[in-house]
Amino acid sequence: MAKVTILGATGNVGVFAAHTISEIPYVSDMLLVGRPGREDFLAGCCRDLSDSFAARGTDVRLSYSTAISDAEGSDVIISAAGMPRRPGQDRNDLAFENAKITADTAEIIGRCAPDALLFLVTNPVDAMTAVALKYSGFKPRQVFGLGTHLDSMRLKSLIARYFRVHVSEVHTRIIGEHGESMVPLWSATTIGGIRISNLPTFSGLPAQEMIDTVRTSGEAIIRGKGATVYGPGEAIATLVRTILGDENRILTVSSHITSEIHGIGDVCIGVPARINRNGVFPVPISLEGDEVAGFRESVAKIKKVTAEVMERLEEAR
Ligand SMILES: NC(=O)C1=CN([C@@H]2O[C@H](COP(=O)(O)OP(=O)(O)OC[C@H]3O[C@@H](n4cnc5c(N)ncnc54)[C@H](O)[C@@H]3O)[C@@H](O)[C@H]2O)C=CC1
Ligand SMILES: O=C([O-])CC(=O)C(=O)O
């Protein structure tokens, strides 16, 4: 059985993630961590969630704290602490402010929960994964971000609707930045096990329109309802279930790569990775055609944002 800690648990994503994670059978303990001053809200969340556990028949020991160090003994620590973007902002606009929070948090986690896996949700998630990796002192397998998993799920849903098939029949991946430079892998997209380009209807697929929809999904949802919640919350739970169930699923998360994809490396970026109880292990893959250039461009962009953030952090600390 496992202990899962959620940082930023008073936020939109944190609260719903607590609900989705509580449904995972391997979770025995869940700790909600918020900032000092938010005790009443955290206590309220715990009572409300406990009621839902009772109604559902779930047995999870739930507690809250304002001290990150209480994450000691956690198997998985999820960080959704930090600013969300407002309509009109790019995720990268949040980089420095959220990097300060992430670096401070990661240092504490590195000391109090050295064997945990640290899962970043905070945006811009690729740069935050790199910051967390550096300041926690963890091994690369222990630190990962939600990356392009949610983007991949968004594309999967659009493809399933277009072909009028169940989502489980569609396998697809978006790699690269969780942001503008994301790269769809049509070469790795199958429907009912058949490569999408081998289907007669492929030529009519509005591929660019689909990718544009995925790219602007977060912004559109934030404009409409203030925050993306259900998509990230379920995506987070999928990853936590994969880890705790030691499932070895290959999901697209932000992970530190060295040379797994066309020799490109030294960056935290969305890539297919095998995920199990020991952490996250990028899978070496070959890309096709435009995908290589697209990935290189995405890597260059993330490296630049990450380097700038690291430099400013060094100056500020
Ligand atoms: N990677 C992804 O796919 C997604 C990432 N996100 C990101 O997750 C983060 C949280 O989003 P929401 O829950 O919508 O935001 P929110 O504003 O509802 O919650 C933010 C949380 O961070 C905490 N926080 C804020 N400043 C802090 C500080 N200085 N120190 C410690 N904690 C602090 C707040 O107390 C709150 O718990 C944002 O950065 C957002 O962009 C959100 C959805 C999907
Ligand atoms: O768009 C945002 O800022 C939140 C997010 O990352 C997403 O839902 O993809």
Side-chain angles (χ1 to χ4, degrees), residues 12-13 16-17 19-21 23-24 78 80 84-85 87 91 119 121 123-126 144-242 247 249-254 269-273 275 283 285 287 291 294-295 298:
N12 282 305
V13 172
F16 185 62
H19 182 70
T20 58
I21 290 167
E23 288 184 300
I24 301 171
I78 299 148
R85 62 177 167 154
R91 295 181 183 95
F119 174 2
V121 178
N123 274 319
V125 72
D126 300 294
F144 66 100
L146 189 51
T148 41
H149 176 60
L150 179 55
D151 304 298
S152 301
M153 293 305 106
R154 286 172 173 154
L155 180 59
K156 179 186 178 105
S157 150
L158 293 174
I159 294 172
R161 247 181 281 158
Y162 180 83
F163 286 97
R164 294 194 196 161
V165 295
H166 193 272
V167 281
S168 64
E169 293 299 327
V170 180
H171 273 81
T172 192
R173 254 172 231 293
I174 290 180
I175 61 169
E177 181 194 18
H178 175 53
E180 283 299 307
S181 68
M182 64 179 68
V183 184
L185 292 191
W186 295 109
S187 67
T189 302
T190 59
I191 297 176
I194 300 157
R195 201 173 157 153
I196 194 169
S197 54
N198 289 342
L199 293 171
T201 39
F202 178 63
S203 56
L205 186 80
Q208 191 53 47
E209 205 179 293
M210 284 180 171
I211 293 308
D212 290 345
T213 302
V214 172
R215 268 199 193 102
T216 53
S217 251
E219 161 104 25
I221 295 166
I222 290 169
R223 270 189 201 286
K225 67 183 276 287
T228 67
V229 172
Y230 304 117
E234 293 294 348
I236 291 166
T238 300
L239 295 176
V240 173
R241 190 181 297 109
T242 302
E247 289 179 358
R249 286 187 70 185
I250 297 177
L251 300 170
T252 321
V253 294
S254 192
I269 190 166
V271 291
I275 302 174
V283 176
I285 51 166
L287 305 177
E291 296 166 355
F295 188 65
S298 201

Item checked: For Tyr230, ring pair (Phe, Tyr, Trp, His ring centres under 6.0 Å) partners two or more places apart -> Phe16
Item checked: side chain to side chain contact (heavy atoms under 4.5 Å, CB included) evaluation trace for Thr252 with Ile175 -> CA-CA 7 Å; Thr252 321; Ile175 61 169; 4.0 Å; yes
Less than 4.5 Å apart, side chain to side chain, heavy atoms only: is that true for [X] and [Y]?
X      : Y      : answer
Val183 : Ile174 : no
Leu287 : Ser187 : no
Ile275 : Glu247 : no
Val271 : Val253 : no
Leu185 : Thr172 : no
His171 : Thr189 : no
Glu219 : Arg85  : yes
Ile236 : Val13  : yes

To the nearest 0.5 angstrom, please state how far the [atom1] atom of [X] sits from the [atom2] atom of [Y].
X      : Y      : atom1 : atom2 : answer
Thr216 : Ile222 : OG1   : CD1   : 11.5 Å
Leu251 : Met153 : CG    : CE    : 7.0 Å
Glu209 : Leu158 : CD    : CG    : 9.5 Å
Ile191 : Ile194 : CD1   : CD1   : 8.5 Å
Leu146 : Phe119 : CG    : CZ    : 5.0 Å
Thr148 : Arg154 : OG1   : CZ    : 11.5 Å

Minimum-distance pair of heavy atoms, taken over all atoms of [X] and [Y]:
X      : Y      : result
Arg241 : Ile24  : N-CD1, 3.8 Å
Glu177 : Ile269 : N-CG1, 4.1 Å
Ser254 : Asp126 : OG-OD1, 2.8 Å
Pro272 : Ile250 : CB-CG2, 3.8 Å
Arg223 : Pro87  : NH1-CB, 3.6 Å
Phe295 : Gly270 : CE1-O, 4.2 Å

Next item on the list: Assess the side chains of Arg173 and Ser152: does a donor N or O sit below 3.5 Å from an acceptor N or O?
Entry: no
Check: Distance only, no hydrogens: is a donor on one side chain within 3.5 Å (strictly under) of an acceptor on the other, for His178 and Asp151?
Finding: yes
Check: So Met210 and Leu155, side chain to side chain contact (heavy atoms under 4.5 Å, CB included) or not? Walk me through it.
Finding: CA-CA 7 Å; Met210 284 180 171; Leu155 180 59; 4.1 Å; yes
Check: Can you check whether Ile221's main-chain N or O pairs, donor with acceptor, with Thr228's side chain at less than 3.5 Å?
Finding: no
Next item on the list: May I ask you to decide if Ser181's main-chain N or O and Ser298's side chain share a donor-acceptor pair within less than 3.5 Å?
Entry: yes
Margin query: Run Phe144 and Val125 through side chain to side chain contact (heavy atoms under 4.5 Å, CB included) and show every step you take.
Written below: CA-CA 9 Å; Phe144 66 100; Val125 72; over 6 Å; no
Item checked: Val170 vs Phe163, side chain to side chain contact (heavy atoms under 4.5 Å, CB included): CA-CA, chis, key distance, verdict -> CA-CA 9 Å; Val170 180; Phe163 286 97; over 6 Å; no
Next item on the list: Write out all pairs satisfying ring-ring contact (aromatic ring centres under 6.0 Å, His included) with one or both partners inside residues 199-228, taking only residues at least two apart or from two chains.
Entry: none
Check: Salt bridge check: are Arg91 and Glu180 linked by an N-O gap of less than 4.0 Å?
Finding: no
Margin query: Once side chain to side chain donor-acceptor pair (under 3.5 Å) is applied, what residue pairs with a partner in residues 155-164 remain, sequence neighbours excluded?
Written below: Ser157-Arg161
